[in-house]
Amino acid sequence: MEKPMMLKIVTNSENETIALAEKLSKVFVKGTIITLTGDLGAGKTHFVKGLALGLGAKEVVTSPTFTIMNIYESGKMPIYHFDMYRLSSFEEAEALGFSEYFDSKTLDGISIVEWPQNVEGLINCNHLHIDIIKGEKTNERIIHIRRAL
């Protein structure tokens with residue numbers, strides 16, 4: 001079986017992480033689904049800020065930890081930003097009606113999911129997985145990007 005290709009990028013500041021995501025946003029199209037993992041404070045929301053900036057969103061990007069989902073609609077396409085930290089199962093997310101945001105064939109924008117491991121099974125299509133790891137230096141982040149199913 002072929003090992004999936006993974007891209008590894010190191011950033012050294014919040015601004016570099018934002019700039020990386022802004023550049024990457026240029027290749028995303030409607031129906032793109034991204035899962036985003038990393039410890040608390042790793043830079044997941046900063047990555048989303050860069051993505052939103054690259055897509056022309058004017059709203060202030062914040063972590064949807066308490067609201068579970070934020071929608072940014074002012075850019076080239078809607079961005080659906082989920083934080084599943086407070087959820088504990090696939091069933092809980094499905095009961096909230098989130099399944100429609102994870103069908104790449106009908107999605108009218110981009111869905112980004114922080115803490116996808118808390119709702120395992122919710123995303124059943126090809127997507128992009130990004131893992132952000134705190135490096136040894138204070139602001140260093142090691143970012144792994146790969147295709148996933």
Colleague: Using modelled atom types only, decide if a donor and an acceptor are shared between the side chain of K134 and the backbone of L40 within a distance under 3.5 Å.
Modeller: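 A pair under 3.5 Å: yes.
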Colleague: Do L96 and L87 have side chains that get closer than 4.5 Å, going by heavy atoms?
Modeller: yes
Colleague: Hey, does the side chain of E94 reach the backbone of F90 with a donor-acceptor pair shorter than 3.5 angstrom?
Modeller: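 Such a contact is absent between E94 side chain and F90 backbone.
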Colleague: Can you give me the closest heavy-atom contact between C125 and I33, atom names plus distance?
Modeller: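 Smallest interatomic distance, heavy atoms only, reads SG-CD1, 3.5 Å.
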Colleague: Taking C-beta and beyond as the side chain, do I68 and M84 meet within less than 4.5 Å on heavy atoms?
Modeller: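 Heavy-atom side-chain distance check passes, below 4.5 Å.
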Colleague: Show, in sequence, the C-alpha distance, side-chain angles and deciding distance for N139 and S13, and conclude whether the side chain to side chain donor-acceptor pair (under 3.5 Å) test is met.
Modeller: CA-CA 5 Å; N139 291 313; S13 69; over 6 Å; no
Colleague: Indicate yes or no: at least one non-hydrogen side-chain atom of L128 is less than 4.5 angstrom from one of F28.
Modeller: yes
Colleague: Just by distance, no angles: are the side chains of H46 and T17 close enough, under 3.5 Å, to form a donor-acceptor pair?
Modeller: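 Checked: H46/T17 side chains show no N/O donor-acceptor pair below 3.5 Å.
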Colleague: Under 4.5 Å between any side-chain heavy atoms of E100 and F98, yes or no?
Modeller: no
Colleague: Do I132 and M6 belong together in a cluster built from hydrophobic side chains that touch within less than 4.5 Å?
Modeller: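 No: no chain of side-chain contacts under 4.5 Å links I132 to M6.
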Colleague: Could you point out which residue of I123, V48, I110 forms a side chain to side chain contact (heavy atoms under 4.5 Å, CB included) with I34?
Modeller: I110
Colleague: Any donor-acceptor pair under 3.5 Å linking the side-chain atoms of D108 with those of Y80?
Modeller: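 Distance-only check passes for Y80 and D108.
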Colleague: Do K8 and I142 make a side-chain contact, defined as non-hydrogen atoms from C-beta onward lying under 4.5 Å apart?
Modeller: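 K8 vs I142: side chains touch.
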Colleague: Name the one of N124, V113, V119 that satisfies side chain to side chain contact (heavy atoms under 4.5 Å, CB included) with F102?
Modeller: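 Checked N124, V113, V119 against F102; only one passes side chain to side chain contact (heavy atoms under 4.5 Å, CB included): V113.
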Colleague: Can a donor-acceptor pair be found, under 3.5 Å and without considering hydrogens, that links the side chain of N118 to the backbone of Y85?
Modeller: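 Indeed, once roles are kept as given, a pair shorter than 3.5 Å links the two residues.
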Colleague: Applying the side chain to side chain contact (heavy atoms under 4.5 Å, CB included) criterion to I79, which one of V61, L55, I71 satisfies it?
Modeller: L55
Colleague: Going by heavy atoms in the side chains, are S99 and L122 under 4.5 Å from each other?
Modeller: yes
Colleague: In terms of hydrophobic clusters joined by side-chain contacts under 4.5 Å, are I112 and Y72 together?
Modeller: yes
